[in-house]
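Both ligands and their constituent atoms are indexed starting at 1 by order of listing.
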Amino acid sequence: MKLKKTQVCIVGSGPSGLLLSQLLHNAGISSIIVDRQSRERIQARVRAGVLEWGSVDALDEAGVGRRMHRDGLPHDGFDLIFDDDLHRIDVKALTGKQVMVYGQTELTIELIARRLEQGCEIIFSAQDVQPIDVESDRPKVRYTKIGEMVEIECDYVAGCDGFHGAARQAIPSRVLKTFERIYPFGWLGVLVEQPPVSDELIYASHERGFALCSMRSQTRSRYYVQCPLSDTVEDWSDQRFWDELALRVGADVAGKLRTGDSIEKSIAPLRSFVAEPMRYGNLFLAGDAAHIVPPTGAKGLNLAISDIRILWRALIEHYKKANDTWLDRYSEICLKRVWKVERFSWFMSTMLHQFPEFSGFEKRMQRAEFDHIVGSETASRSLAENYVGLPLEM
Ligand code: FAD
Ligand code: PHB
């Protein structure tokens, strides 16, 4: 068996793990990252597209914002369409802030390249990754690579390995409480090399189901439609997708839609999930490893970034000032914000999707939510405040 040592061992090379590693490096703290996937697989995943300005600031602070500012698209607002009625949420006017439309894929590619350039060890394609002895003051991460077992000894383990990862499993079931809601539908997403249908995002609720028009650049668009969980991508030819999207967004938007061959097509289930606590011994969970939100509020990546900012601050206090108060309060501080963001994502999802179990009453409630937002600046501002990101209270 081979042994390695580092200060913080990070499980998962997604945005959470990579950003944490970058921030620690900037402060002179060492880390090793272990991921079960290959670099190619990680860099090919198409995920989030909207960054809160707090996330933009965090990436700038970490020194990884150059490409984001060059290629990202700052947005001042977005449209809500409800049964063909359109209402623009002027996020900038309501909150004074913008959001940045920028692909998680590009962010991940840049973070991996930067970390490797700076000499960070990222172990890709590791098998049987497992945090062990996390209750002790010498926790380890064990994995196998090309038939050889390796143990990385460290001060702390950061579990940044997403919802299906191994880190959360290392917390005994007598300690871990989980809260979950599984939605009875998924999102079918299509990426296409065509200019977006509008300058801003469009969230549409229609009796045939939810639809979202988003983008990655001026020439690349990302679209989603709500679909049954039993559907597979094979059920959806490009033509069927475009026809369905056109019906759901209404004639005005559909008339401007530039369609084409899809360059990526995938189905994602929708889930709300929270694990408590986010710390066990010297293991700290962050990002999707600890919580999942349905993508309707564009919050998952942003929540992952805010966890990392809190964890980073706590680790800095430990290493630079021998102060463990922040580490002790990590779970409590994160969860307070997590639940507010869970609420917003659940609210947006409930308002905008078709639920098979909803009767006439719930459908009228959905319409009333929309009408309330249209009719009340206060309601619109509340929505906008959540969309641009709640303040990070540390
Ligand atoms: P992940 O990105 O899941 O990374 C975890 C890493 O851990 C992966 O590299 C994985 O290979 C690795 N791993 C897994 N298991 C193991 C193991 N056992 N051992 C070692 N490594 C392991 N969020 C937003 O903020 N805005 C949006 O607009 C948005 N849109 C979305 C649209 C869709 C369709 C989806 C699916 C998600 C969207 N999200 C959005 C959510 C966002 O993508 C996630 O919240 C984000 O990826 C979380 O980052 P993470 O680093 O915590 O986890
Ligand atoms: C995306 O562009 O992938 C995207 C944008 C907004 C969301 C979810 C996903 O709410």
Identify the closest protein heavy atom to [atom]: which residue and atom is it, and at what distance?
atom                   : result
atom 2 (O) of ligand 2 : Ser214 OG, 2.6 Å
atom 8 (C) of ligand 2 : Pro295 O, 3.3 Å
atom 6 (C) of ligand 2 : Tyr203 OH, 3.3 Å
atom 3 (O) of ligand 2 : Tyr224 OH, 2.6 Å

Handout entry: Connected via hydrophobic side-chain network under 4.5 Å: Phe355 and Met351
Key = yes

Tell me which part of [X] gets within contact of ligand 2: side chain, backbone, both or neither, using heavy atoms under 4.0 Å.
X      : result
Trp187 : side chain
Thr296 : backbone
Ala298 : both

Give yes or no for whether the N/O distance cutoff of 3.5 Å, strictly under, is met between [X] and ligand 1.
X      : answer
Arg222 : no
Pro15  : yes
Arg47  : yes
Ala289 : no
Arg36  : yes
Ala298 : yes
Leu301 : yes
Gly287 : no
Asp288 : yes

Exercise for the section: Decide if the gap between the ring center of Phe273 and the ring center of Phe179 is smaller than 6.0 angstrom. Expected result: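 Ring-ring flag for Phe273/Phe179: false, centres at least 6.0 Å apart.
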
Exercise for the section: Apply side-chain hydrogen bond (donor to acceptor under 3.5 Å, both in side chains) to Ser359 and Glu362, showing your working. Expected result: CA-CA 6 Å; Ser359 66; Glu362 283 96 354; 2.6 Å; yes

Handout entry: Crowding at CG, Leu3 (>12 non-hydrogen neighbours, <6.0 Å)
Key = yes

Atoms of ligand 1, numbered as shown, that sit under 4.0 Å from any heavy atom of [X]:
X      : result
Tyr224 : 32 (C), 34 (C)
Val11  : 19 (N), 20 (C)
Asn302 : 25 (O)
Cys160 : 5 (C), 6 (C), 7 (O)
Gln37  : 11 (O)
Ser16  : 49 (O), 50 (P), 51 (O), 52 (O)

Is it the side chain (CB and beyond), the backbone, both or neither of [X] that lies under 4.0 Å from ligand 1, heavy atoms counted?
X      : value
Arg45  : side chain
Trp187 : neither
Val129 : side chain
Ser266 : neither
Val34  : backbone

Is there a donor-acceptor pair closer than 3.5 Å between any side-chain N or O of [X] and the backbone N or O of [Y]?
X      : Y      : value
Arg337 : Leu390 : yes
Lys299 : Asn386 : yes
Ser376 : Ala379 : yes
Arg309 : Ser55  : no
Lys320 : Ala27  : yes
Gln226 : Phe210 : yes

Handout entry: Tyr387 N/O to ligand 2 N/O under 3.5 Å
Key =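 Not met; the criterion fails.
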
With heavy atoms of [X] as the reference, note each atom of ligand 2 found under 4.0 Å away.
X      : result
Leu201 : 5 (C), 6 (C)
Val50  : 5 (C), 6 (C)
Arg47  : 3 (O)

Proximity winner for [atom], if only heavy atoms of [options] are counted:
atom                    : options                        : answer
atom 18 (N) of ligand 1 : Ala167, Pro294, Ala166         : Ala166
atom 1 (C) of ligand 2  : Lys299, Gln104, Arg216, Met215 : Arg216
atom 4 (O) of ligand 1  : Gly103, Gly165, Gly14          : Gly14
atom 47 (O) of ligand 1 : Arg39, Gln43, Gln104           : Gln104

Problem - Contacts of type side-chain hydrogen bond (donor to acceptor under 3.5 Å, both in side chains), residue His75, not counting sequence neighbours - result: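 Not a single residue meets the side-chain hydrogen bond (donor to acceptor under 3.5 Å, both in side chains) criterion with His75.
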
Problem - Lys265 and Asp238 ion-paired at < 4.0 Å - result: yes

Handout entry: Contacts of type ring pair (Phe, Tyr, Trp, His ring centres under 6.0 Å), residue Tyr224, not counting sequence neighbours
Key =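 Trp187.
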
Problem - Full working for side chain to side chain contact (heavy atoms under 4.5 Å, CB included) between Val91 and Asp76 - result: CA-CA 6 Å; Val91 163; Asp76 292 350; over 6 Å; no

Practice task
Apply side chain to side chain contact (heavy atoms under 4.5 Å, CB included) to Thr6 and Glu153, showing your working.
Solution key: CA-CA 6 Å; Thr6 190; Glu153 196 183 273; over 6 Å; no

